[in-house]
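Worth saying up front: this structure is predicted, and the values here are computed from it rather than measured. We count ligands from 1, going down the list as the structure has it; atoms in each ligand are counted the same way.
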Amino acid sequence: MTSVKSIAVLTSGGDSQGMNAALRAVVRSGLFHGLEVYGVQRGYQGLLNDDLRPMDLRSVGDIIQRGGTILQTARCKEFMTPEGQQRGADVLRARGIDGLVVIGGDGSYQGANKLSKLGIKTMGLPGTIDNDIPFTDVTIGFDTAVSIVVDAINKIRDTMSSHERSSIVEVMGRHCGDIALYAGLASGAETILVPEVQFDLNEVAERMKTNFANGKRHSIIVVAEGAAKGDDVSKQITEISGIEARVTVLGHIQRGGTPTAADRILAGRLGDFAVRQLIAGNSGKACGVIKGELTTTDIDVVTNTKKAFDTDMYDLALRLSQ
Ligand code: ADP
Ligand code: F6P
């Protein structure tokens with residue numbers, strides 16, 4: 001006895017590496033459990049356009065290693081309105097679809113929450129490079145994005161050392177500093193600027209001068225886009241310290257490319273889990289992993305909670321960067 005017979009899955013908002021792996025897991029797990037599974041093209045926009053197609057085992061072949069999302073994604077203004085949300089629910093009902101898995105970030109979760117309140121059985125999977133979703137230790141795509149940033153910083157560090165320069169690397173994350181924090185920690189950055197922690201560029205510049213006087217050959221400043229613009233940081237740091245600086249804005253390369261093994265495994269576990277939760281009769285939940293364990297939290301709670309910043313990790317990065 002399952003409480004759902006037919007489910008749909010969509011990817012929404014900014015894409016992330018591992019969305020395809022999550023989609024594959026939802027489809028294959030759904031089919032394994034005897035459900036009909038539909039893929040919605042272009043997120044909520046596709047839902048409003050009734051752009052759904054049945055998925056079979058082969059529709060998700062050869063995608064586990066691919067970045068992006070084969071279902072495409074979109075940002076849909078119309079779905080932000082109550083009328084749009086009602087229409088989305090009606091489209092699903094008209095097709096006899098009783099469950100929906102939404103793979104996306106906090107905005108997409110808000111949409112899933114609205115559908116859930118309209119009686120659609122929903123499950124959210126955290127698909128975003130930003131790692132800004134609470135009630136999960138990590139989001140799908142975050143590990144890959146951090147690895148891309150670390151790889152870039154390794155290369156930048158080589159040339160900055162040769163020229164005894166300072167380098168400012170601006171990374172994504174929207175309002176969240178996690179990409180900057182974890183990439184900064186992993187790449188030995190001297191300074192990590194995040195929106196969650198106040199900073200003083202005078203202090204940063206003075207510290208840099210001391211470090212150079214003590215024999216450092218380069219200085220890496222990782223700045224989260226939510227904290228400041230790399231160009232502004234560069235101007236001020238050079239003005240105060242007199243040390244030459246160069247800015248690299250990594251941009252969308254952080255969101256593409258093949259997902260790491262960790263992201264693929266996370267996506268596989270979460271995708272299968274979401275389907276099993278729907279079958280078990282749960283709905284209106286966001287799925288996550290906390291201390292290695294798969295968890296569900298009311299999506300209403302998730303969307304109304306701000307993710308806590310890991311200040312211990314931030315302090316560690318500072319201690320190790322002297
Ligand atoms: P992400 O999911 O990556 O955070 P967005 O914030 O752009 O990306 O949200 C993706 C889509 O989710 C939006 O284009 C919109 O269709 C839907 N959405 C966002 N916020 C809401 C909301 N408050 N109510 C209903 N739908 C929303
Ligand atoms: O949410 C993912 C993200 O890549 C953010 O880190 C960034 O601020 C934003 O999306 C960029 O959005 P767009 O691709 O629309 O420029």
Side-chain angles (χ1 to χ4, degrees), residues 9-19 22 40-49 51 67-69 71-89 91-92 100-118 120 122-134 136 138-146 148-149 169-183 194-195 222-230 249-257 259 263 284 286-287 299-300 302-307:
V9 53
L10 60 81
T11 51
S12 165
D15 63 355
S16 73
Q17 306 93 335
M19 273 187 168
V40 184
Q41 207 70 23
R42 294 186 188 80
Y44 295 120
Q45 189 62 60
L47 186 58
L48 297 189
N49 294 344
D51 195 357
T69 158
L71 287 182
Q72 318 292 135
T73 182
R75 293 197 165 103
C76 173
K77 282 220 174 86
E78 198 184 344
F79 194 72
M80 310 275 283
T81 64
E83 298 74 29
Q85 292 148 20
Q86 184 59 57
R87 203 145 66 75
V91 166
L92 290 170
L100 176 70
V101 179
V102 171
I103 309 171
D106 52 354
S108 304
Y109 271 22
Q110 306 259 9
N113 195 25
K114 300 279 164 56
L115 285 174
S116 170
K117 288 183 171 155
L118 290 170
I120 302 295
T122 55
M123 281 287 149
L125 293 186
T128 168
I129 62 167
D130 299 338
N131 208 36
D132 57 350
I133 307 258
T136 185
V138 70
T139 57
I140 299 164
F142 176 66
D143 184 68
T144 308
V146 167
I148 290 169
V149 175
V169 183
E170 184 188 309
V171 302
M172 280 187 168
R174 209 178 267 191
H175 307 298
C176 180
D178 275 19
I179 295 180
L181 170 60
Y182 287 87
V194 293
V222 182
V223 53
E225 64 175 347
K229 284 247 165 280
V249 180
L250 291 178
H252 287 84
I253 67 163
Q254 292 161 96
R255 233 166 63 186
D263 271 328
C287 302
I299 203 156
D300 207 24
V302 174
T303 51
N304 284 300
T305 307
K306 190 172 161 41
K307 188 188 160 91

S.K.: Can you check side-chain contact (heavy atoms from CB on, under 4.5 Å) on Leu115 and Tyr44, steps first, answer last?
M.R.: CA-CA 11 Å; Leu115 285 174; Tyr44 295 120; 4.1 Å; yes
S.K.: Hey, which of Leu48, Ile120, Asn113, Leu118 is the one that makes side-chain contact (heavy atoms from CB on, under 4.5 Å) with Gln85?
M.R.: Leu118
S.K.: Identify the protein heavy atom lying closest to atom 2 (O) of ligand 1, giving its residue, its atom name and the separation to 0.1 Å.
M.R.: Ser108 OG, 2.5 Å
S.K.: Within a distance under 4.0 Å of any heavy atom of Phe79, pick out the atoms of ligand 1 and give their elements.
M.R.: 16 (O), 25 (C), 26 (N)
S.K.: What I'd like to find out is whether the side chain of His252 reaches to under 4.5 Å of the side chain of Met172, using heavy atoms alone.
M.R.: yes
S.K.: Does a side-chain heavy-atom distance below 4.5 Å link Asn49 with Gln41?
M.R.: no
S.K.: Which of the numbered atoms in ligand 2 are under 4.0 angstrom from any heavy atom belonging to Gly173?
M.R.: 6 (O)
S.K.: What do you reckon, does Asp106 put a non-hydrogen atom under 4.0 Å from ligand 1?
M.R.: yes
S.K.: Considering only the protein, which heavy-atom contact is closest to atom 3 (O) of ligand 1, and what is its distance?
M.R.: Gly14 N, 3.2 Å
S.K.: Could you report the tightest heavy-atom contact between Glu78 and Gln45, atom names first, then the distance?
M.R.: OE1-NE2, 4.5 Å
S.K.: Counting only nitrogen or oxygen atoms and a 3.5 angstrom limit, does Ala74 reach ligand 1?
M.R.: no
S.K.: Roughly how far apart are Ile179 CD1 and Asp132 CG, rounded to 0.5 Å?
M.R.: 9.0 Å
S.K.: Of the protein's non-hydrogen atoms, which lies at the shortest distance from atom 7 (O) of ligand 1, and what is that distance?
M.R.: Arg75 NE, 2.7 Å
S.K.: With atoms numbered from 1 as shown, which atoms in ligand 1 lie under 4.0 angstrom from a non-hydrogen atom of Gly105?
M.R.: 1 (P), 2 (O), 3 (O), 4 (O)
S.K.: Among Met172, Arg174, Glu225, which one has a heavy atom closest to atom 8 (O) of ligand 2?
M.R.: Glu225
S.K.: Give the minimum heavy-atom separation between Thr139 and Ile129, together with the two atoms involved.
M.R.: OG1-C, 4.5 Å
S.K.: Any side-chain heavy-atom pair from Arg174 and Asp106 closer than 4.5 angstrom?
M.R.: yes
S.K.: Just need the protein heavy atom nearest to atom 21 (C) of ligand 1, so name the residue and atom and give the distance.
M.R.: Met80 SD, 3.4 Å
S.K.: Give the residue, atom name and distance (to 0.1 Å) of the protein heavy atom nearest atom 8 (O) of ligand 1.
M.R.: Gly13 CA, 3.3 Å
S.K.: Ignoring hydrogens, just give me the one of Gln110, Gln45, Arg174 whose non-hydrogen atom is nearest atom 22 (C) of ligand 1.
M.R.: Gln110
S.K.: Only heavy atoms count here, so choose which of Pro126, Gly107, Gly111 is nearest to atom 12 (O) of ligand 1.
M.R.: Gly107
S.K.: In terms of residue, atom name and distance, what is the protein heavy atom nearest to atom 11 (C) of ligand 1?
M.R.: Ser12 OG, 3.6 Å
S.K.: How far is atom 14 (O) of ligand 1 from the closest protein heavy atom, and which atom is that?
M.R.: Cys76 N, 2.7 Å
S.K.: Numbering the atoms of ligand 2 from 1, which are under 4.0 Å from a heavy atom of Arg75?
M.R.: 10 (O), 12 (O), 13 (P), 15 (O)
S.K.: For ligand 1, is there an N or O atom under 3.5 Å from any N or O atom of Lys114?
M.R.: yes
S.K.: Which heavy atom in Leu47 sits nearest to a heavy atom in Phe79, and how many Å separate them?
M.R.: CD2-CE1, 4.3 Å
S.K.: Which pair of heavy atoms, one from Ser16 and one from Gly127, lies closest together, and at what distance?
M.R.: OG-C, 3.5 Å
S.K.: Does a side-chain heavy-atom distance below 4.5 Å link Asn131 with Val138?
M.R.: yes
S.K.: What protein heavy atom sits nearest atom 3 (C) of ligand 2, and how far away is it?
M.R.: Arg255 NH1, 3.4 Å
S.K.: Looking only at distances, can you tell me whether any N or O atom of Ile129, backbone or side chain, sits closer than 3.5 Å to an N or O atom of ligand 2?
M.R.: no
S.K.: Please state which protein non-hydrogen atom is closest to atom 1 (O) of ligand 2 and give its distance, to 0.1 Å?
M.R.: Asp130 OD2, 2.7 Å
S.K.: Any chance you could lay out the side-chain contact (heavy atoms from CB on, under 4.5 Å) test for Ile140 and Met19, step after step, and finish with the verdict?
M.R.: CA-CA 7 Å; Ile140 299 164; Met19 273 187 168; 5.6 Å; no
S.K.: Taking the side chain as every heavy atom from C-beta outward, state whether Val169 and Leu250 have any pair of such atoms under 4.5 Å apart.
M.R.: yes
S.K.: Heavy-atom pairs closer than 4.0 Å: do any link ligand 2 to the side chain of His252, the backbone, both, or neither?
M.R.: side chain
S.K.: Just so I know, are the side chains of Ile148 and Gln17 near enough to count as touching, which here means a heavy-atom distance under 4.5 Å?
M.R.: yes
S.K.: If you count the atoms of ligand 1 from 1 in the order shown, which ones are under 4.0 Å from a heavy atom of Tyr44?
M.R.: 12 (O), 16 (O), 17 (C)
S.K.: Looking at atom 25 (C) of ligand 1, what's its closest protein heavy atom, distance included?
M.R.: Gln85 NE2, 3.4 Å
